[in-house]
Amino acid sequence: MKKSKFYVTTPIYYVNDKPHIGHAYTTILADVLTRYHESIGDEVFFLTGLDEHGQKVKQAAEKRNLSCQEHCNDLAPRFINLWEKLEIKYSDFIRTTQERHIKLVQSVLQKVYEKGDIYMDEYEGWYSVAEERFITATEKESGQFRDVKMLKERNWFFKMSKYQRNLIDHINNNPQFIRPESRKNEILGFLRQPLGDLCISRPKERMDWGIEIPFDREYVTYVWFDALLNYVTGVGFEADNDKFNKWWPADIHLIGKDILTTHSVYWSTMLFSLGLPLPKTIFAHGWWLIGETKMSKSLGNVVNPLDMAEQYGVDALRYYLMREMVLGQDSSFTLESFIKRYNSDLANDFGNLLNRVSGLIGKYFDSVVPAVKGKTAAEEDIEKSFNELMPKIRTLILEFKINEAIEETMQLIRKVNKYLESQAPWKVAKENLERAGTILYTATEALRLAAILLLPVMPSKCGRVMEVLSADKTELLWGGLKSGTKLQTHEALFPRIEEEKK
RNA sequence: CGCGGGGUGGAGCAGUCUGGUAGCUCGUCAGGCUCAUAACCUGAAGGUCGCACGUUCAAAUCGUGUCCCCGCAACCA
């Protein structure tokens, strides 16, 4: 069977931001999808990176008396180190100040310009002197901006409107293009209004930290062409045709709901202009709320993923983020729910199950995995549960329903705990050791398979289970656990978090 | 009437497309077990499925109206 390819991206994060739980969520999600697809034999390319141009970077650099590039180089490790800590297996890390990207952006601008899709016009709008940027009418009405005045400026525009019809047709013909569906409807609603053109430049005199427009040296390109093109630079557009043809179009762009318009409208029309295929899916996930409120720097309620990972473990954080967020919706992040999730799912159900079987096998079989002799209906039932789970998980992952896939796997784990309870091998062992062996093999084998299913979410802890069972690289098929294998001694997989402090 | 999504036991969600015993996790209460990380298992209490009207033998599920919450409304990541 021919291997499929899977190309997944996260947004490139703004280098001036401190990584927060939202960045971690998107990136972990991409990583989980990557690991899952690898596990079913797909070839995967996972791209993430940094957006390093723009006004705020320039201001921050000036304040620190550094060049813009030095400032970026100094901040980039915030993300790179965090991803390493969180066990993110990206294929490439793109930074918009890299030569390969600058070259590509300029080439693309030139191409689109020659095609006649870029023109000079006068932009007139509300300009905030304090913020040094144009603001929208809505923003002006919010009254949160000082020194607002009407300003005229000549700028370059991209003929986005030209592709409005194509885009609407594409969305209608490709139900998987924008997901979840509510977001698709939102965009279709938005597209019912005539689309304007997109201002894509800034005069250098006002802002020069950006990629120079190849056909007008007085200007740099502003965010859109600069940032969005990273998705094609990353897989070698115009630099390596084989590579590019292999990976493009992306299978999924993971984004937060805040940048849905940017991706589904701006990016798509850019691709139309370039004559490139559109990504197969743009998936907009929700936001992490802190308790009931939006996370914001000014409120100071930003959750730092590094702290969480250090205090409670990387895998626990990954598990919580993946299990707790419901597809496309906002979720509430609280320490309380984190601890609850951790204790009930990871410590009590999963970790404890390992302890139960390894303890029993230690006591009655000298830590050697026993053989199966004479399956009863109870064993058949466990085996059947697993066999039914497999295709279910596959479907759920391909639908990006990670939380449901996890829950289904946890159901299997709970079922094995029930099975142990009803079969009571610790009693059976006293009169029928062979029967006890069959029970313990069945429970351990189910645990092994559950651990493989959870491996993409919790690479180290599930990897640890595989080590304990000496089952590294065993397959996701019933019976992969070898009787006669000696179990390794181990510590508690997920020690309970005792809630003492307040 | 700008567009879209949602209101299900104390909490968080599933079920709505393809009407027909309202399901899962957590929490609460009672019991069991004792292999295990005071973990695990069983049972119970708790819902007029936002509200009203309608279609139907039958509605959380379809239709209409209404109230409430949230998102989008563009050049802002």
Side-chain angles (χ1 to χ4, degrees), chain A residues 11-14 16-17 51 54 56 123 125 128 131 133-139 142 155 157-158 160 180-193 195-200 222-224 227-228 255-266 284 286-287 289 323-332 334 336-337 339-341 343-364 401 403-404 406-408 410-411 413-414 416-429 436 439-440 443 491-498:
Chain A
I12 47 175
Y13 305 114
Y14 198 54
N16 259 30
D17 290 339
D51 180 5
K56 283 182 183 163
Y123 182 80
S128 160
E131 286 273 313
R133 69 172 177 93
F134 283 93
I135 58 173
T136 66
T138 323
E139 281 180 314
S142 75
N155 264 309
F157 285 78
F158 168 60
M160 195 156 72
E181 195 172 351
S182 55
R183 297 292 166 195
K184 178 186 94 173
N185 294 336
E186 199 172 292
I187 292 297
L188 279 174
F190 172 70
L191 286 171
R192 249 171 244 143
Q193 308 294 319
L195 207 51
D197 289 338
L198 190 65
C199 178
I200 59 159
Y222 174 69
V223 65
W224 317 120
L228 291 164
I255 59 168
K257 62 181 185 180
D258 49 328
I259 51 176
L260 178 65
T261 310
T262 321
H263 281 72
S264 51
V265 181
Y266 304 177
W287 278 342
L289 306 177
R323 173 61 186 85
E324 198 75 6
M325 184 165 281
V326 174
L327 189 74
Q329 297 183 26
D330 290 350
S331 283
S332 164
T334 64
E336 234 182 312
S337 71
I339 292 176
K340 210 173 262 179
R341 208 36 109 182
N343 279 342
S344 65
D345 291 3
L346 298 180
N348 298 351
D349 289 343
F350 187 36
N352 185 44
L353 177 60
L354 175 65
N355 261 28
R356 298 182 84 178
V357 296
S358 74
L360 287 163
I361 291 177
K363 190 164 174 184
Y364 297 106
K401 296 183 178 173
N403 60 320
E404 289 181 40
I406 292 174
E407 179 55 26
E408 291 287 346
M410 289 310 299
Q411 292 289 357
I413 289 173
R414 290 188 196 106
V416 176
N417 273 317
K418 287 186 182 85
Y419 165 77
L420 281 180
E421 196 63 30
S422 67
Q423 299 303 314
W426 51 91
K427 273 186 194 160
V428 174
I439 296 165
L440 288 173
E491 62 301 328
L493 198 59
F494 295 100
R496 268 182 78 83
I497 300 171
E498 300 304 336

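Values reported hereafter were calculated over all heavy atoms of this structure, with side chains retained and with hydrogens, waters and symmetry mates removed. First the proteins, then the strands, lettered A, B, ... as listed; each starts at 1.
- Rounded to an integer number of Å, the gap from CH2 of W224(A) to P of A77(B) is 6 Å.
- Between C62(B) and U56(B), the two C1' atoms lie 10 Å apart (nearest whole Å).
- For the P atoms, the distance linking G63(B) with U55(B) amounts to 15 Å, nearest Å.
- When each of L353(A), N348(A), D345(A) is checked for a side-chain contact (heavy atoms from CB on, under 4.5 Å) with R414(A), only D345(A) meets the rule.
- At a threshold of 4.0 angstrom between heavy atoms, the contacts of D51(A) include nucleobase atoms, whether or not backbone atoms are also involved.
- Taking atom P on both G12(B) and A30(B), the two are 26 Å apart, rounded to the nearest angstrom.
- Residue contacts shown for I12(A) include a base, since a base heavy atom lies under 4.0 Å away.
- Atom pair L188(A):CG and G5(B):P shows a separation of 11 Å (rounding to whole Å applied).
- The NZ atom of K56(A) sits 7.5 Å away from the CG atom of D17(A) when rounded to the nearest 0.5 Å.
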Per-nucleotide protein contact along nucleotides 35-44 of chain B, 5' to 3', at a 4.0 Å heavy-atom cut-off (B base, S sugar-phosphate only, - neither), is BBB-SBSS--
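- Within the 4.0 angstrom heavy-atom criterion, no nucleotide atom of any strand lies near V265(A).
- Here, G15(B) and G20(B) have their C1' atoms 14 Å apart, quoted to the whole Å.
- Here the separation of C33(B) from C13(B), taken at their C1' atoms, is 31 Å to the nearest Å.
- Across all strands shown, I200(A) has no heavy atoms under 4.0 Å from either base or sugar-phosphate atoms.
- Nucleotide C40(B): paired with G32(B) (Watson-Crick or G-U wobble, both distances less than 3.5 Å).
- Rounded to whole Å, the C1' atom of U37(B) lies 43 Å from the corresponding atom of G50(B).
- Across the strands present, G20(B) finds its partner in C57(B); the criterion is a Watson-Crick or G-U wobble pair with both atom distances under 3.5 angstrom.
- The side chain of K340(A) sits closest to C26(B) out of A73(B), A77(B), C26(B).
- Within the 4.0 angstrom heavy-atom criterion, base atoms lie near A227(A).
- Between G47(B) and A22(B), the two P atoms lie 13 Å apart (nearest whole Å).
- The P atoms of A60(B) and C17(B) are separated by 12 Å, rounded to the nearest whole Å.
- Of all nucleotides present, none satisfies the Watson-Crick or G-U wobble test against G46(B) with each distance under 3.5 Å.
- Phosphate contact (OP1/OP2 of C76(B), side-chain N/O of Y14(A), threshold under 4.0 Å): absent.
- Using a 4.0 Å cut-off between charged nitrogen and carboxylate oxygen, E186(A) and R183(A) count as a salt-bridge pair.
- Between F158(A) and W224(A) the shortest side-chain heavy-atom distance does not fall below 4.5 Å.
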Protein heavy-atom contacts under 4.0 Å, written 5' to 3' over nucleotides 6-18 of chain B as B (base), S (sugar-phosphate only) or - (none), form the string -------SS----
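- No donor-acceptor pair closer than 3.5 Å links the side chain of D51(A) to the backbone N or O of Y13(A).
- Between E421(A) and R356(A) there is a salt bridge, since at least one side-chain N of the basic residue sits less than 4.0 Å from a carboxylate O of the acidic one.
- The side chain of E407(A) lies closest to C24(B) when the candidates are G71(B), C24(B), G4(B).
- Using a 4.0 Å heavy-atom criterion, one finds that G256(A) contacts no nucleic acid atom at all.
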